[in-house]
Amino acid sequence: LYKNRVVIPYDGSHIQFRNVLHHELVHAFINDYIYKGGIKNMKGQDVVLIPLWMNEGLAELLSSTWDADSEMWVRDIVINGEKLPKLNELNGYLAYRGGQSVWKFIVEKLDTAYINQNTEAPTIIASIFSAIATSANLDDALKKSIGMGLKDLEKEWHKYLKAEYWPDINNRQYINDIGIALIDSEKVNNTYDIGPSISPNGQHIAYYSNKEGLMNISIIPSDCEKCQSKSIKSILKSGMSIEFEELQILKPGISWSSDSKNIVFSSSSRGTDILLMVNLETQKKQKIVFPNSTLMSISQPIWNPIYNHLIAFIGSNNTQSDIYMYNLDTQELTQIVNDIFTEKEISWAADGEHILFSANRGGENSQTWGDQYDLYTISSTTKTINQLTNTTYNEHYPISIYQDSLIVYISDQNGINNVHIMNYELDTTNSSTIMTNVFTGIKHLTGQNNHIYFTSLNNSKFNIYKLDTSLINN
């Protein structure tokens, strides 16, 4: 907006890159059409300022589909919030998800030509911005284009949310019905506790937290129940120096050494992504850098449960993201996968040879990437890939429990991210058993046998929960 330019990040995911391109082009359009290409024109009396929810919400609507993550945020404010937010309260991340919901309502309920299939694409968006460009204020523009001002739009959007989600309340579970919150987010004053990782001895959980306003790596006992600050140990805070500039919170991943004495995670340091190992007893930190590689981004490292000198991770160069493996003894970096697909959310099987992962491969022999993710396993020695699921849904975060072929994972099969379990050796029909049916959704899994932990959103706060063991035993 200040320099009339768009900067596009690329982390190796083609889907994400496409979505970011579309998202930023929407901003470029608004900047050019409404603000005439620069921030100085915003000072003019004849320019209507676009609220953040309208700007970011439209960019989200036009750049990506309405997915389980968007559904999670909106369901949370409908069912867990004390009241539905006003349009001017859609700030922060709600400007994106809440704003997307408002635009979704406008297109699905008010665009009669599109609803009646008289047009291939929505026309009401163009009508609204045409009115904005020729009106004195936003309220007048909306009245001119959709027949209602901001107050009435807010009321109708609220009615839409109630009709859409309230009938579903009795059909699903609340988070607290199926899990125990590990952290008392009210007393600790955290809003973003994510990416749990259980230690091999089962005694501790490492996770990402915004405790005290800065993203950090923290550890709590795995048997915590609404723990407070005295039970939480902060290991490292990011943003305090150029040595540890930023944690990969959008692609979280913490892993433990087999003796439960060390953890490893990715961080940016002096402008470069690194792996960082921390000894929890001595607090000694060791950086792992790859100066001779073409890697631009590193995330989601996993420490081998048997061969303690091996760490696998997701790495991306300026072309694609793949699975890599690093040998701590020989300092050798090996590329396990080399293809155009996006591999992510990796975990070791108990045998120490195979890696479970989610990918948009479109099948074992596909040559083109798609929008849908299935689960796969790859041998770290032979590099043989086997497809575990073949559905029309998205499957994420596979982890082995009890035995290698018994996996727990997240699926959006019922439109919302929930936990599923499947034995892929015994069941060749791709059928799974759904373990949870929560109203909002579940993100990030970690587990050991019947002890399963996950992240979920509750009242606009991410917390870590332990899954009710009766759901696993049954």
Side-chain angles (χ1 to χ4, degrees), residues 175 178-183 190 193-209 216-227 231-236 247-249 251-266 276-281 299-306 308 310-313 345-352 354-358 396-404 406-410 419-421 435-436 442-456 462-473:
I175 288 294
I178 58 100
I180 300 171
L182 268 61
I183 302 158
N190 294 358
D193 297 320
I194 66 165
S197 175
I198 189 170
S199 60
N201 62 17
Q203 296 179 6
H204 294 92
I205 300 289
Y207 65 102
Y208 298 78
S209 176
N216 64 85
I217 301 293
S218 294
I219 291 180
I220 54 173
S222 60
D223 59 357
C224 260
E225 185 172 341
K226 291 193 174 181
C227 278
S231 301
I232 301 173
K233 182 179 181 181
S234 181
I235 302 301
L236 179 141
L247 297 171
Q248 292 274 20
I249 61 173
K251 295 179 289 184
I254 307 171
S255 189
W256 295 76
S257 59
S258 59
D259 59 7
S260 298
K261 293 182 179 180
N262 301 271
I263 59 173
V264 63
F265 52 89
S266 62
L276 185 65
M277 296 194 304
V278 180
N279 184 294
L280 301 179
E281 295 178 349
S299 63
Q300 299 177 339
I302 52 171
W303 217 318
N304 193 292
I306 296 178
N308 209 43
L310 298 178
I311 296 176
F313 61 88
E345 299 148 3
I346 57 177
S347 68
W348 284 104
D351 63 8
H354 292 87
I355 298 173
L356 303 167
F357 63 96
S358 176
H396 300 285
Y397 287 98
I399 56 173
S400 295
I401 61 172
Y402 289 112
Q403 59 194 58
D404 286 337
L406 187 64
I407 60 171
V408 172
Y409 61 94
I410 295 173
V419 181
H420 289 238
I421 188 169
M435 299 173 64
T436 65
I442 287 174
K443 296 174 69 70
H444 313 145
L445 276 183
T446 187
Q448 193 178 79
N449 295 335
N450 67 338
H451 299 289
I452 307 296
Y453 300 82
F454 61 90
T455 304
S456 189
F462 282 102
N463 204 340
I464 297 169
Y465 298 82
K466 181 179 180 181
L467 189 65
D468 185 344
T469 53
S470 66
L471 297 172
I472 307 168
N473 295 333

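Just the heavy atoms: all of them, side chains too, but no hydrogens, waters or symmetry mates, feed the values below.
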Nearest heavy-atom contact between H396 and S358 is ND1-OG, 3.6 Å

Across all chains, not counting sequence neighbours, the side chain to side chain contact (heavy atoms under 4.5 Å, CB included) partners of C227 are C224, S231

Taking atom CG of D223 and atom NE2 of H204, what is their separation to the nearest 0.5 Å? 8.5 Å

What closest approach, in Å, do T446 and S197 show between heavy atoms, and which atom pair accounts for it? OG1-CA, 3.5 Å

With rounding to the nearest 0.5 angstrom, report the CD1 to CD1 distance, I205 to I464. 7.5 Å

Whether the side chain of Q248 engages the backbone of Q300 through a donor-acceptor N/O pair (distance < 3.5 Å, no angle test) should be reported. no

Residues forming a side chain to side chain contact (heavy atoms under 4.5 Å, CB included) with S255, sequence neighbours excluded: V264, I302, W303

At what distance, to the nearest 0.5 angstrom, does NE2 of H451 lie from CG of L467? 11.5 Å

May I ask you to decide if Y402's main-chain N or O and N449's side chain share a donor-acceptor pair within less than 3.5 Å? yes

Please report the interatomic distance CD(E225) to CG(L182), rounded to the nearest 0.5 Å. 8.5 Å

Go through F454 and I410 one step at a time and tell me if the side-chain contact (heavy atoms from CB on, under 4.5 Å) criterion holds. CA-CA 10 Å; F454 61 90; I410 295 173; over 6 Å; no

Closest heavy-atom pair, L356 versus S400, reported as atoms and distance to 0.1 Å, is CD1-OG, 3.3 Å

For S218 versus S234, what's the shortest heavy-atom pair and its separation? OG-CA, 3.9 Å

Flag, side chain of N216 to backbone of S209, donor-acceptor distance under 3.5 Å: yes

Not counting sequence neighbours, which residues clear side chain to side chain contact (heavy atoms under 4.5 Å, CB included) with P252? List them please. I194, Y208, Y397, H444

Atom pair CD1/OG1 of I175 and T455 - distance to nearest 0.5 Å: 10.0 Å

Verdict with reasoning, I452 to L445, per side-chain contact (heavy atoms from CB on, under 4.5 Å): CA-CA 7 Å; I452 307 296; L445 276 183; 3.9 Å; yes

For the atom pair CD1 (I183) and CG (D193), what is the distance rounded to the nearest 0.5 Å? 4.0 Å

Taking all atoms of both residues into account, what is the closest heavy-atom pair of I421 and M435, and its distance? CB-SD, 3.6 Å

Go through it in stages, so that I can follow the logic: the residues are L236 and L276, the test is side-chain contact (heavy atoms from CB on, under 4.5 Å), and I'd like the CA-CA distance, side-chain angles, deciding distance and then a yes or no. CA-CA 10 Å; L236 179 141; L276 185 65; 3.5 Å; yes

Step by step, work out the side-chain contact (heavy atoms from CB on, under 4.5 Å) result for N262 and M277. CA-CA 7 Å; N262 301 271; M277 296 194 304; 5.7 Å; no

Which one of S260, S222, S258 satisfies the side-chain contact (heavy atoms from CB on, under 4.5 Å) criterion with N201? S260

Check: W348 main-chain N/O paired with N304 side-chain donor or acceptor under 3.5 Å: no

Any heavy-atom pair between the side chains of I401 and N450 that's under 4.5 Å? no

Any idea which heavy atoms bring F265 and I263 closest together, and the distance? CE2-CD1, 3.9 Å

